[in-house]
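Here is the structure we will look at, set down as structure tokens.
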Amino acid sequence: MPKFWGVWIMLVVMFASQAVQGQITTKDSLKKNTRVDIERSDTTKIRDSTEVRLGDSTRKNNTQRPPKGDITTTIKYDARDSIMMDVTGKIMYLYGEAKVDYGATKLTAAFIEINMKTNLITAKAIKDDSTGKVIGRPVFKDDAGSYEADSMVYNYKTRKGIINRVVTKQGEGYIILEKAKKNEKNETFGLNGKYTTCNLANPHFHIQSYKLKLVPEKQIVTGPFNLYIKDSPTPLGFLFGIFPFTSRNTSGIIIPTYGEERERGFFLRQGGYYWAVNPYIGITFLTDFYTNGSWGATMNTEYKKRYRFNGSASLAFNKNITGDLNRAVSEDFWVTWNHSPVPRGSARFSASVRAGSSRYNANNTFQTENRLSNTFNSSISYSNTFNVGEIPFNLGVNLRHDQNVQTEIMNMSLPEINLQMNRVYPFKKKGKAAKNPIQNLSFSYTASATNRLTNQAPSPGAFTSPNGLDTAKVDFNFANWAVISRRGSMGIKHTIPVSTTMKLFKHLSLNPTFSYEEWWYPKKLNYDDSNPDAVVIDTLNGFSRASSYNASISLNTRIYGTYQNIRFLSKKVVGIRHIMNPSVSFSYRPDFSEARYDYFQNVRTTSNPEGTLISRYNGAGFVQGAPAGGKSAVMGFSLSNTVEMKVKDDKDTTNAEGTKKIKLLENLSFASGYNFLADSFNLTRVSITARTRLLGFIDLNSTATYDPYTWELVSNEGGNIIQRQRDVYAWSRDLSITNPQIRGQINQASIALSANFTPESFRRKRQKKMNQLNNARENSELTQRQIMNDPNAYVDFEIPWRLNMSFNMSYSKQGFQKSVVTRNLNFNGDISLSKTWKISATSGYDFDAKTLSYTSLNVYKDLHCWEMSFGWIPFGQFQSFTFDLKVKAAILQDLKLSRRRTWFDN
């Protein structure tokens, strides 16, 4: 008896007794009455899902390991309709949503035949007699991808197959072959092939070739090919084609763009090479070449480690040559770095760097937003949290950079270190709430260290400095490192605040506070006034320490005022509530300019023989600050207000009262202070801020500063009319002042209005108006007349659109000087005319210059597998336009039609 007969007889007996055992639970057929006519006496009909292990040897019992044969992989099969087995021919037939799993290979079809003798699996679709449609097309999946076909034959032993009318997706593209052959390397050879990135049954475009080879996870190689638009051929094509695709990073050449620039001539730009270092790091090398001799090189890298971090960095260098006769040469560089960590544990490292030569963006950048920016900032930071005993500490280390490309001033902090201890309650019982001021007593500690470098010339203050201090700005580079380091500043500041809180009369909150500050510097200043005409500033190197302390106490409460029975405003108004938050504080600081502290020095000059107290820590060289001079006993007071209105809301069914709150005034605040120990001008300026929302979608923010003192015009010794401020309040009546005067003034004010308009903003108003029309409607004639009189009431706001508008106005005035007023209106928005059309615009208006600000218009059209975009800057320095019609898929990014006239090529 052949080796396989024992296995088949055992399977027949097991199926007949309904005791099939396998790795998949059996399930009954969904169609119990289906009949398959196979006129074989030795054919068994099976209605179960089961599996068969193929091998060349017969298993002696269920527990014995099967002997090693040619094929030892388990075939799992299933069918919705029925499974028929030809025991003699060793053929299995699967009908209706048939499924076969063979290791990594999976096959589904309307009909599948498994031939154990020839090792062939045949699959095909069937025609539905009721609808006439072909259903159950075979879908074949393995490590190389997924294939859908009309029919296929596959040898599961040699892993080769023949496929008719196959469709497969590789990367971003789809491949359609009339006939294909698949070898054991998972390579596919096809005839009459089409390649496209359009997922429609009749694609908008495709690349057609008679012969085609597909190498999984690598590339598609074709013979002579043509580009077809719809089903019409175009003259675009070549003798052969290679279309690489892979889910992994692969190295390759980057084709440059070409064109002409007015200043630098013809160019080849942004061409180079991409190097896939490994699956986590990729580096791009790009070069620019111009016919006048200018050139540039850029290196970009991207990196990523899953669940840890990702980032990118770039380094660019450009040498520009401009001018014909008087050629000017400039060398610029630019560095960027962005690093984003995935939150993990308590430590965190991040970076955002944008820095380089001051003229880099003016000479080389192609990005409008960079040309419009004058300042750039960078930050590299590390933070961590740790415990010392049971006390948590927070550590932060930052490297910062700020740069102004117009003034060419650059500042760098290398580094800034902050160590902060969380607030500690030494007298509070652990796990229990504080019950008295002693238990509420708390303190914390903060240490801040900074090392700052700058290329800005130091200011000597009010004195000349003939001892050789740097007075000129220098470039921030290694050649000037000695000067830059000499201008640098380094210091450490320690802060220890102590505070507590207590309740008075249930409604008052009293908060006493004491704060101690200490500064450490590696130097201090000494003023040599032996020659009153030229005071010499000397730097005394060595450890220097200064300290300061102050005490304060504040009293806060909250007052409510409710106004009811005000239905004269509206029947829906239930009441208005006014909330006030008054606060009074008092702080005291001693005079640290006294001689016993030695923080200040009395400096005598020719113009001031009595001398002026000048801090030994004066100027930008002492970055952490220093103790202040003069006694201070300041009483501060502030008042903030909020006004709310409660109205009836018939739509709110969740609120038992059926009301809702509307904020009429979100905030209106006043703040000022009075220094009892100041020699003059004891009352500080009054600051006013207001914030609210109008009509539910307009935000209003306003600020103002009121100067309570008097300005007057006087004649100086030279006979010139000048203005001066006197220590006389605006509300005082000082008859001694006979000169022209201004009694108090608002010297600064600003107002900002911003609104975000969307269809939702108008939908409620529109619905309310339509309801009113419906209630008042008497006949169709009245309705038609109302529509004609007010067609805007029926505008379709269902079209997605957005409009953001902002208006800003600022005012400033100092005494009799002319006031300065600036007004700007800015807006941006977009509208989607359909699901595929979108128009967006950005613009603004400067009322003082009477000109439009930066304006751009962009149009986008989604063409399914293609896309069209048009950008236009109609006027100004960056006047330009761009038009692109291209394939969306990145693999065919060079298949595009572009027309552009950019501002940097003009």
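Since this is a predicted model, take the numbers as computed values, not measurements.
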* Closest heavy-atom contact between Ser593 and Phe600? -> CA-CD1, 3.4 Å
* **Check: Tyr674 ring centre within less than 6.0 Å of Phe676 ring centre** => yes
* Asked: Does a donor on one side chain sit under 3.5 Å from an acceptor on the other, for Ser750 and Thr703?
  -> yes
* Asked: Partners of Asp529 by salt bridge (charged side-chain N to carboxylate O under 4.0 Å, His left out), sequence neighbours excluded?
  -> none
* To do: Check the pair Leu441 / Val498 against side chain to side chain contact (heavy atoms under 4.5 Å, CB included), numbers first and verdict last.
  => CA-CA 7 Å; Leu441 183 68; Val498 182; 3.8 Å; yes
* To do: Sort out for me which residue in Leu700, Thr692, Ile579 forms a side chain to side chain contact (heavy atoms under 4.5 Å, CB included) with Leu665.
  => Thr692
* To do: Please test Asn556 against Ser583 for side-chain hydrogen bond (donor to acceptor under 3.5 Å, both in side chains), starting from the C-alpha separation and ending with a verdict.
  => CA-CA 5 Å; Asn556 309 295; Ser583 176; 2.6 Å; yes
* Asked: Are the side chain of Tyr521 and the backbone of Gln624 linked by a donor-acceptor contact shorter than 3.5 Å?
  -> yes
* Counting N and O atoms only, with roles assigned by atom type, does the side chain of Asn436 sit under 3.5 Å from a partner on the main chain of Gln439, one being a donor and the other an acceptor? -> yes
* Tell me whether the centres of the aromatic rings in Phe592 and Tyr597 are closer together than 6.0 Å. => yes
* To do: Using modelled atom types only, decide if a donor and an acceptor are shared between the side chain of Ser350 and the backbone of His339 within a distance under 3.5 Å.
  => no
* **Residue pair Arg423 / Ser442, side-chain donor-acceptor N/O under 3.5 Å** => yes
* Asked: Any side-chain donor paired with an acceptor under 3.5 Å for Thr501 and Asn440?
  -> no
* Determine whether the side chains of His494 and Tyr445 contain a donor N or O and an acceptor N or O closer than 3.5 Å. => yes
* To do: Give a yes or no on whether the ring-centroid distance for Tyr617 and Trp519 is below 6.0 angstrom.
  => no
* **Salt-bridge present (Arg693, Glu666; N to O < 4.0 Å)** => no
* To do: Could you verify whether a donor N or O on one side chain and an acceptor N or O on the other, from Asn411 and Asp402, lie under 3.5 Å apart?
  => yes
* To do: Write down the atom of Tyr709, the atom of Leu683, and the distance for their closest heavy-atom approach.
  => OH-N, 2.7 Å
* Do NZ/NE/NH1/NH2 and the carboxylate oxygens of Arg726 and Glu712 come within less than 4.0 Å? -> yes
* Would Ser448 and Asn418 count as a side-chain hydrogen bond (donor to acceptor under 3.5 Å, both in side chains) if you check the C-alpha gap in whole Å, the side-chain angles of each, and the deciding distance to 0.1 Å? -> CA-CA 5 Å; Ser448 175; Asn418 291 278; 3.2 Å; yes
* Residues Asp679 and Lys631 bridged, charged N to O under 4.0 Å -> no
* **Test item: side-chain donor near acceptor, Ser515 and Asn550, under 3.5 Å** => no
* Charged N-O contact under 4.0 Å between Lys493 and Glu517 -> yes
* **Minimum heavy-atom distance Phe443-Met421, with the two atoms named** => CE1-CE, 3.7 Å
* Asked: Between the side chains of Asn581 and Arg558, is a donor N or O closer than 3.5 angstrom to an acceptor N or O?
  -> yes
